[in-house]
Student: 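Quick one: this structure, given as structure tokens, is what I'll be asking you about.
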Amino acid sequence: MTRRGAAVAAAVAGLAIVAVVVAALVARGGDTPAIELPRSYATPAPGAYAKPLGTSVRLDAARTDAAYLRLWLAGYTSVTPENAMKWEVVEPSRNAFDFSAADAIVTAARRAGQRVRGHTLTWDVQLPGWVQSRAWTAADMELALRSHVRATVGHFRGRVAQWDVVNEPLDDDGSLTRSVFARVLGERFIDIAFDEAHRADPRAKLFLNEIATELPGPKQDALVALVRRLQARDVPIDGVGLQDHSVAVGGPDQRRLEADIARFARLGLDVELTEVDVAVRPGEPEAAQARNYRAAAAACRRSRACTGLTVWGVTDRWSWQGPGARATPFDAASRPKPAWRALRAAMRRVRRDSR
Ligand code: G3I
């Protein structure tokens, strides 16, 4: 291990160093080369965390930024491919699938013993042109949606523990977003996506993933009402993903998040905090960011219904919000912030945690 590599691994110190010697990975499918894992790298000690602690991963970063790769492997026990499983990537033209980018991430994650969250089967963003611009009939849209879900979930069957089957179906006022799916099929597109995902992998847990529903209001109420309608129609939904993209000053505190989780738990659902990041605006203290990361981890850990927490982005350099938002637990130079220490400490397993 190089001196810098040792420093990086030490930067996430407190974790048992499990030397994992792996052969170079063989690329699967398409023409996207695999992620070359280091000859040895750190991973969290088995049972280090009370719940799965994940991060989203970008393939371009994992393949070009050695520090990013090491921090992903050393700090986390779960992964969500940030873009590699989205429709525009896996089915760029109808019935022509390329899972090679996602396979590179999933293969590396499973080699490192990580859980995988699939993201996302149905969203009105990052769609290929043939989906967005076609003059659809309801019957043809259903065929295309079922085919996409069946092929994608089927390809990863047994390797993906949870799927974000539908992402962000609601507008901020709680109404159904006028996506191409909703325009053609109405709310039934959600039923179709979940039904097909369950057929393709009955053991995968199926989630509805939503943004900005961590605070009480019309959107959270609408999400509860939507879930109730889906359950009344026997849609196989297992959980809700609360993304929890927040800000350092004014983000939801632990009590708020525990109340959110409890509200969906009362519907019989699992809850994941699926995309946690905390943007720090100019003049705001990093301590406030650390407090919010700690609050999210503590709320998940204390809530039986919470099945895991995923941070959205490994380092500020590759964050979807740009380095200037300083939203992740590691800065643009891959150095840990107070947020990392707070997040990890709050998720660390202690004796009283249930097995
Ligand atoms: O792949 C192209 C590349 O070929 C091109 O050179 C480059 C520059 O234009 O763009 C690349 O596509 C970008 C893609 O990320 C992959 O890097 C898109 O422009 C960019 O818009 C896209 O951003 C992603 C965003 O979703 C899209 O809305 C972010 O990385 C991703 O973190 C973000 O994640 C979403 C979740 O999926 C759902 N919840 C909200 C969250 C934040 O928007």
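Indexing begins at 1, ligand by ligand and atom by atom, following the structure's order. All values below come from the heavy atoms of this structure, side chains included, with hydrogens, waters and symmetry mates left out.
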Student: I'd like to check R263 versus D221 (side-chain heavy atoms, cut-off strictly below 4.5 Å). Are they in contact?
Tutor: yes
Student: Give the residue, atom name and distance (to 0.1 Å) of the protein heavy atom nearest atom 26 (O) of ligand 1.
Tutor: K86 NZ, 3.3 Å
Student: How about F181 and W87: are their ring centroids closer than 6.0 Å?
Tutor: yes
Student: Please report whether atom 1 (O) of ligand 1 has a protein non-hydrogen atom at a separation of less than 4.0 Å.
Tutor: no
Student: Could you report the tightest heavy-atom contact between V57 and A62, atom names first, then the distance?
Tutor: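 Minimum heavy-atom contact is CG1-CB, 4.1 Å.
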Student: Can you sort out which atoms of ligand 1 are near Q243, meaning under 4.0 Å from one of its heavy atoms?
Tutor: 39 (N), 40 (C)
Student: With a 6.0 Å cut-off (strictly less than), is the heavy-atom count around CZ of R255, excluding the residue itself, greater than 12?
Tutor: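 It does not: R255 CZ has 12 such atoms or fewer within range.
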Student: Please report the C-alpha distance between R58 and E82 in whole Å, then the side-chain angles of each, then the deciding distance to 0.1 Å, and finally whether the salt bridge (Lys or Arg N to Asp or Glu O under 4.0 Å) criterion is met.
Tutor: CA-CA 6 Å; R58 290 179 49 161; E82 192 162 328; 5.2 Å; no
Student: Is a salt bridge present between K205 and E272, judged by a nitrogen-to-oxygen distance below 4.0 Å?
Tutor: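 Here K205 does not pair with E272 in a salt bridge, since their nearest N and O are not under 4.0 Å apart.
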Student: Distance to the ring centre below 6.0 angstrom and angle to the axis at most 45 degrees; does that hold for R117 and F207?
Tutor: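 That pair qualifies as a cation-pi contact.
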Student: For atom 12 (O) of ligand 1, what's the nearest protein heavy atom and its distance?
Tutor: E88 OE2, 5.0 Å
Student: Please list the nearest protein heavy atom to atom 41 (C) of ligand 1 with its residue and the distance rounded to 0.1 Å.
Tutor: E275 OE1, 3.4 Å
Student: Considering both backbone and side-chain atoms of W123, is one of its nitrogen or oxygen atoms within less than 3.5 Å of a nitrogen or oxygen in ligand 1?
Tutor: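 No; the residue has no nitrogen or oxygen that sits under 3.5 Å from a nitrogen or oxygen of the ligand.
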Student: Main chain of V165, side chain of T122: is a donor-acceptor contact present, judged purely on distance under 3.5 Å?
Tutor: yes
Student: With respect to E82, determine whether any N or O atom, backbone or side chain, lies less than 3.5 Å from an N or O atom of ligand 1.
Tutor: yes
Student: Pull out every atom of ligand 1 sitting under 4.0 Å from any heavy atom of V125, numbered as shown with elements.
Tutor: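 Every atom of ligand 1 under 4.0 Å from some heavy atom of V125: 28 (O).
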Student: How far is atom 34 (O) of ligand 1 from its nearest protein heavy atom, and which residue and atom is that?
Tutor: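 Its nearest protein heavy-atom neighbour is W312 NE1, 3.3 Å.
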Student: Can a protein heavy atom be found under 4.0 Å away from atom 10 (O) of ligand 1?
Tutor: no
Student: So, 4.0 Å and heavy atoms of E168: is ligand 1 close enough to count as a contact?
Tutor: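 So E168 counts as touching ligand 1.
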Student: Can a side-chain donor-acceptor contact be found between D270 and Q162 if the only test is distance below 3.5 angstrom?
Tutor: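 Per modelled atom types, Q162 and D270 side chains form no pair under 3.5 Å.
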Student: Under 4.0 Å from atom 18 (C) of ligand 1, is there any protein heavy atom?
Tutor: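 There is no protein heavy atom less than 4.0 Å from atom 18 (C) of ligand 1.
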Student: So which bit of T120 gets within less than 4.0 Å of ligand 1, heavy atoms only: side chain, backbone, both or neither?
Tutor: neither
Student: Is any N or O atom of H245, backbone or side chain, closer than 3.5 Å to an N or O atom of ligand 1?
Tutor: no
Student: Answer with yes or no whether the side chains of Q243 and E168 bring together a donor and an acceptor at under 3.5 Å.
Tutor: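 The criterion, which ignores hydrogens and geometry beyond distance, is satisfied for Q243 and E168.
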Student: Would you say the side chains of T177 and D171 form a donor-acceptor pair under 3.5 Å?
Tutor: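 D171 and T177 do have a side-chain donor-acceptor pair below 3.5 Å.
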Student: Among all protein heavy atoms, pick the one closest to atom 22 (C) of ligand 1 and tell me residue, atom and distance.
Tutor: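 For this ligand atom, the closest protein heavy atom is Q126 NE2, 4.0 Å.
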Student: Mark whether atom 7 (C) of ligand 1 lies under 4.0 angstrom from at least one protein heavy atom.
Tutor: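 So atom 7 (C) of ligand 1 lacks protein heavy-atom neighbours under 4.0 Å.
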Student: Among all protein heavy atoms, pick out the one at the shortest distance from atom 23 (O) of ligand 1; state its residue, atom name and that distance to 0.1 Å.
Tutor: N83 OD1, 4.5 Å
Student: Quick one: look up the protein heavy atom nearest atom 36 (C) of ligand 1 and list residue, atom name and how far away it is.
Tutor: H119 NE2, 3.4 Å
Student: Measure from atom 30 (O) of ligand 1 to the protein's non-hydrogen atoms and state whether any distance is below 4.0 Å.
Tutor: yes
